[in-house]
Amino acid sequence: MVNGESVKFDIRGMLPEELRELLHEAGEKPYRAAQVFGWIQDKAVQSFSEMKNAGDKVSDFLAKRTQLQPLKLVRERISSDGTRKYLWALQDKSLIETVLMRHGGDKTRNRNTLCLSTQVGCGMGCSFCATGTLGFIRNLEAGEIVAQVLDVTRQRAAEEEGFKVHNLVYMGMGEPLLNLSAVLKSIKILNNSAGQNIGIRRITVSTCGLAPQIEQLAEEELDIVLAVSLHAPTNDLRDRMMPVNRRYPLERLLAACRRYIEKTGRRVTFEYALIKGLNDSPAQAKELAALLAGLKANVNLIPINTHANNTFKRPHPAGVQGFLRLLQNQGLHAVIREEKGGDIEAACGQLAGKER
Ligand code: SAH
Ligand code: SF4
């Protein structure tokens with residue numbers, strides 16, 4: 001309660017059943033809630049007055065009890081490869097970033113992937129990541145996660161008829177598993193067939209390796225893709241690159257991944273950012289292959305991206321290929337990840353949520 005007025009729900013973070021319950025208070029039938037959910041989540045309206053058939057009574061009630069405020073676009077940058085990076089201001093003026101990547105030139109098969117932020121900043125302190133330099137500021141609400149999809153879709157659809165986001169990767173700013181309830185709620189909303197209807201298997205959640213939360217996620221038995229940021233094949237090296245490893249060393253992390261695979265039957269994706277002279281030697285490729293032997297795993301190799309606070313270098317392309325072949329020769333499913341948006345600091349680990 002603020003000044004005797006109740007705190008308003010963020011309507012973009014409400015599930016259909018929550019809308020039903022709220023509108024029931026106003027004496028409205030369930031079909032009304034379904035209609036409102038469609039306006040908010042499918043049509044991505046940015047004000048109550050856009051909900052044409054909802055009626056004044058419902059609009060007025062919702063305006064009193066909920067809020068619907070689009071994210072404020074502070075800056076948009078467009079890469080030479082078509083990637084777009086959005087810098088948004090939230091209501092408390094916190095800044096977050098969202099990245100839209102386009103795959104495939106053919107219009108009918110155009111695959112749009114949106115990279116979502118889940119926290120303002122991040123407290124995990126990985127040595128190679130720009131977001132980590134901000135420290136943890138706060139968790140995003142479910143509605144603020146959903147809003148990134150709705151506002152990008154709305155903006156693109158104004159220029160590209162029928163624009164749709166096909167894939168979601170929770171790989172923007174922040175550690176999603178430290179904001180698990182809001183992340184799970186946003187997934188339920190965005191997967192709902194009356195809303196954005198994004199396929200559950202087209203949703204990836206990436207973690208730096210919080211073992212207990214991976215086990216908790218396994219219990220949800222969701223058909224999403226779990227990605228784990230590994231980046232080193234030994235505890236000694238990983239301790240230095242990622243402080244989280246001192247809490248959950250590789251044995252503990254991989255046990256959680258095994259549990260996840262057992263429970264969901266899905267492959268786990270391991271991200272490995274290649275850094276020249278640090279984790280890119282042939283011996284380390286063999287150690288990595290041995291570490292993941294027998295696990296249902298995909299490995300994504302990402303040549304490290306640089307930013308103002310990191311001086312790491314990428315291996316020579318031939319070195320990257322060599323590392324890849326060594327993994328494949330040991331029977332691992334491994335690929336080199338296509339990099340997008342490096343020229344606008346939109347690539348992995350470059351999101352600092354800052355206006356330059
Ligand atoms: N916090 C989560 C998700 C956001 S980071 C996580 O760490 O998994 C998204 C991905 O970018 C992670 O795999 C992360 O390890 C990777 N990354 C961070 N900094 C990077 C950099 N400079 N170059 C390449 N990848 C980087
Ligand atoms: Fe946080 Fe992920 Fe960056 Fe590590 S890599 S600091 S966990 S956002």
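Numbering of ligands and ligand atoms starts at 1, following listing order.
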[atom]: which protein heavy atom is closest, and how many Å away?
{"atom": "atom 4 (Fe) of ligand 2", "value": "C126 SG, 2.4 Å"}
{"atom": "atom 23 (N) of ligand 1", "value": "N305 N, 2.9 Å"}
{"atom": "atom 5 (S) of ligand 1", "value": "M171 O, 3.9 Å"}
{"atom": "atom 4 (C) of ligand 1", "value": "G172 O, 3.2 Å"}
{"atom": "atom 3 (Fe) of ligand 2", "value": "C129 SG, 2.3 Å"}
{"atom": "atom 2 (Fe) of ligand 2", "value": "G174 O, 4.5 Å"}

Who gets closest to [atom] by heavy atom: [options]?
{"atom": "atom 7 (S) of ligand 2", "options": "Q119, H231, M124", "value": "M124"}
{"atom": "atom 18 (C) of ligand 1", "options": "A130, G349, G132", "value": "G349"}
{"atom": "atom 16 (C) of ligand 1", "options": "C115, A273, C348", "value": "C348"}

Is [Y] paired with [X] through a side-chain N to carboxylate O contact shorter than 4.0 Å?
{"X": "D280", "Y": "R314", "result": "no"}
{"X": "R258", "Y": "E215", "result": "no"}
{"X": "E262", "Y": "K296", "result": "no"}

- Between H231 and ligand 1, which part of the residue brings a heavy atom under 4.0 Å of the ligand: side chain, backbone, both or neither?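 The answer is the side chain.
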- Message: For H307 together with F128, are the ring centres under 6.0 Å from each other?
- Response: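 Centroid separation for F128 and H307: 6.0 Å or greater.
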Tell me if a side-chain donor or acceptor on [X] pairs with a main-chain N or O of [Y] at a distance below 3.5 Å.
{"X": "N279", "Y": "H231", "result": "yes"}
{"X": "T66", "Y": "A63", "result": "no"}
{"X": "R238", "Y": "L230", "result": "yes"}

Which ligand 2 atoms does [X] reach within 4.0 Å, using its non-hydrogen atoms?
{"X": "C122", "answer": "1 (Fe), 6 (S), 7 (S), 8 (S)"}
{"X": "C208", "answer": "7 (S)"}
{"X": "G132", "answer": "6 (S)"}

Verify the distance criterion only: is there a donor paired with an acceptor across the side chains of [X] and [Y] at less than 3.5 Å?
{"X": "Q148", "Y": "Y86", "answer": "no"}
{"X": "Y272", "Y": "S229", "answer": "no"}
{"X": "T207", "Y": "E175", "answer": "yes"}

Side chain or backbone, does [X] bring an N or O within less than 3.5 Å of an N or O on ligand 1?
{"X": "S206", "value": "yes"}
{"X": "G174", "value": "yes"}
{"X": "P176", "value": "no"}
{"X": "Y170", "value": "no"}

- Would you say L180 and V225 are hydrophobically clustered, going by side-chain heavy atoms of ILVMFWY under 4.5 Å?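 No, separate clusters.
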- Item | Minimal non-hydrogen separation, C122 against G174, with atom names |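 Residues C122 and G174, closest heavy atoms: CB-CA, 3.9 Å.
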Would you mind running through ligand 1 and noting each atom that sits below 4.0 Å from a heavy atom of [X]?
{"X": "T207", "answer": "6 (C), 8 (O)"}
{"X": "S229", "answer": "6 (C), 7 (O), 8 (O), 12 (C), 13 (O), 14 (C), 15 (O)"}
{"X": "I304", "answer": "21 (C), 22 (N), 23 (N)"}
{"X": "E271", "answer": "13 (O)"}

- Message: With a 4.5 Å cut-off on side-chain heavy atoms, are N53 and W39 touching?
- Response: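 Counting from C-beta outward, W39 and N53 do come under 4.5 Å.
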